[in-house]
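All remarks here apply to the structure that follows.
Below, all heavy atoms of this structure are taken into account, side chains as well, without hydrogens, waters or symmetry copies. No experiment lies behind these values; they were computed from the predicted model shown.
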Amino acid sequence: LSAAHYPDCYSEELCRALAGFHGVEARQVIPGNGAAELLFALCQFLRPQKGLVLAPSFQGYEEALKGAGAKIRAWELEEAGGFAVTEDFIGSIRGEEGILFCCNPNNPTGNLTEKRVLYQIAERCEETDTWFCLDECFLPFLGPDKEGEFTMIRDLKRFPHLIVLRAFTKIYAMPGL
C-alpha cells in the first residue's frame with residue numbers, strides 16, 4: 001500500500017473490477033461500506049413515501065425505510081406455504097410504494113424465490129414505477145451453478161427499476177474492508 005496518494009474516492013478501479021466479474025457496466029456498480037450503508041443511502045436518496053417488505057425478512061430494510069421517513073407495508077409470508085414468495089405476492093405491488101425490498105435467499109428463512117417469480121415481480125415493479133431492491137448478499141453461498149441460476153444481476157438493463165445488492169462481508173468474511 002502507498003500512503004503517498006489519496007485513495008480513489010469514486011472507487012473506479014473497484015467498480016471496473018466488479019463490473020467485469022459480474023458482466024455488467026461499471027456505471028451500474030455503486031460501492032459502499034457494507035450492504036447496510038447502501039440500504040440507508042438508497043432510502044435517503046429515493047425518499048419513498050412508502051416501502052413494501054416481506055415478513056419475515058431482514059430487519060434492516062424496515063430500519064432504512066424508517067430512517068428516510070417512509071411508511072412500511074409488510075406482506076406476511078405464510079408458514080403453511082413454507083414462507084415462500086409466490087405469485088400471490090405480485091398483486092400486492094400496487095404502485096403506492098416507492099420501493100420493494102426482497103431478499104434471495106431470504107434471511108432468516110433461507111428460502112429461494114424462483115427466478116420466474118422474480119421476473120414477474122420485476123415486471124410488476126416496472127409497470128407500477130416501483131423500485132425493486134433485490135438483496136442477493138447470501139446468494140453466492142449456493143455455489144456458482146446455483147448462484148447463476150437465481151441471480152438477477154445480469155438483468156439490470158432489462159429492468160431499469162431493479163437494484164441488486166451484494167456484499168463482500170458475507171461471502172468473503174471481510175467486514176470493514
Side-chain angles (χ1 to χ4, degrees), residues 1 6-46 48 51-54 57-61 63-65 84-85 89-90 93 98-177:
L1 288 177
Y6 284 108
D8 174 10
C9 64
Y10 296 108
S11 304
E12 291 174 343
E13 188 175 337
L14 175 62
C15 290
R16 284 192 300 274
L18 288 171
F21 180 78
H22 288 293
V24 298
E25 295 177 27
R27 67 178 184 80
Q28 293 175 300
V29 177
I30 300 173
N33 293 313
E37 178 192 58
L38 292 172
L39 289 173
F40 276 84
L42 176 62
C43 288
Q44 290 297 322
F45 177 76
L46 293 176
L52 178 58
V53 297
L54 298 166
S57 196
F58 177 54
Q59 188 67 32
Y61 312 136
E63 292 170 6
L65 286 164
V85 179
F89 174 65
I90 312 298
I93 306 166
I99 190 166
L100 153 66
F101 287 98
C102 183
C103 192
N104 200 34
N106 192 14
N107 174 11
T109 67
N111 289 350
L112 283 164
T113 302
E114 296 177 35
K115 188 123 179 204
R116 66 178 179 77
V117 174
L118 292 172
Y119 278 157
Q120 291 173 343
I121 292 170
E123 287 167 357
R124 181 67 181 154
C125 285
E126 292 302 322
E127 291 169 4
T128 59
D129 200 30
T130 303
W131 287 100
F132 177 21
C133 183
L134 180 60
D135 182 343
E136 293 186 351
C137 288
F138 290 100
L139 196 58
F141 284 110
L142 301 177
D145 293 340
K146 276 286 198 190
E147 178 184 2
E149 185 181 329
F150 286 93
T151 186
M152 289 190 63
I153 205 162
R154 291 199 174 96
D155 295 301
L156 292 169
K157 282 188 178 179
R158 179 177 176 185
F159 301 110
H161 285 86
L162 175 63
I163 299 161
V164 177
L165 187 66
R166 291 288 184 108
F168 287 143
T169 44
K170 311 295 188 287
I171 191 68
Y172 298 114
M174 296 172 48
L177 296 179

### Task
Count the heavy atoms of every other residue, nucleotide or ligand shown that sit under 6.0 Å from NZ of Lys115, and state whether that count exceeds 12.
yes
### Query
Nearest 0.5 Å, what's the CZ-CG distance between Phe101 and Leu52?
10.5 Å
### Message
Can you tell me if Leu14 has over 12 outside heavy atoms packed within less than 6.0 Å of its CG?
### Response
yes
### Query
Phe89 and Gln120: side chain to side chain contact (heavy atoms under 4.5 Å, CB included), yes or no, with the steps?
CA-CA 10 Å; Phe89 174 65; Gln120 291 173 343; over 6 Å; no
## Note on the structure
Of all heavy-atom pairs linking Pro105 and Gly110, the shortest is CB-O, 3.6 Å
### Message
Keeping Asn104 on the side-chain end and Thr113 on the backbone end, is there a donor-acceptor pair under 3.5 Å?
### Response
yes
### Task
Indicate yes or no: at least one non-hydrogen side-chain atom of Phe159 is less than 4.5 angstrom from one of Leu118.
no
### Message
Side chains of Arg166 and His22, heavy atoms from C-beta outward: is any pair under 4.5 Å?
### Response
yes
### Query
Side chains of Ile93 and Phe132: does their closest heavy-atom pair fall under 4.5 Å?
no
### Query
side chain to side chain donor-acceptor pair (under 3.5 Å): which pairs involve residues 153-164, sequence neighbours left out?
Glu25-Lys157, Tyr119-Asp155, Glu126-His161, Asp129-His161
### Summary
Residues passing the ring-ring contact (aromatic ring centres under 6.0 Å, His included) test with Phe138, sequence neighbours excluded, are none
### Task
Find the distance between CG (Leu42) and SG (Cys133) and round it off to the nearest 0.5 Å.
5.5 Å
### Minimum-distance pair of heavy atoms, taken over all atoms of Ala35 and Leu165
CB-CD2, 3.9 Å
### Summary
Scanning both residues in full, the closest heavy-atom pair of Tyr10 with Cys15 reads O-SG, 4.1 Å
### Leu54 vs Asn106 side-chain heavy atoms within contact, under 4.5 Å
no
### Query
How about Pro31 and Phe168: do any of their side-chain heavy atoms sit closer than 4.5 Å?
no
### Query
Once you round to the nearest 0.5 Å, how far does CG of Asn107 lie from OG of Ser57?
6.5 Å
#### Entry: Ile30 vs Ile163 side-chain heavy atoms within contact, under 4.5 Å
no
### Query
Given side chains that start at C-beta, do those of Leu112 and Leu139 come closer than 4.5 Å, heavy atoms only?
yes
### Task
For Glu136 and Met152, indicate whether the former's side chain and the latter's backbone hold a donor-acceptor pair under 3.5 Å.
yes
#### Entry: Heavy-atom pair with the smallest gap, counting every atom of Ile90 and Val117
CD1-O, 4.0 Å
### Task
Return yes if some donor-acceptor pair links the side-chain N/O of Thr128 with the main-chain N/O of Arg124 below 3.5 Å, else return no.
yes
### Query
Quick one: does Tyr61's side chain get under 4.5 Å of Leu39's, heavy atoms only?
yes
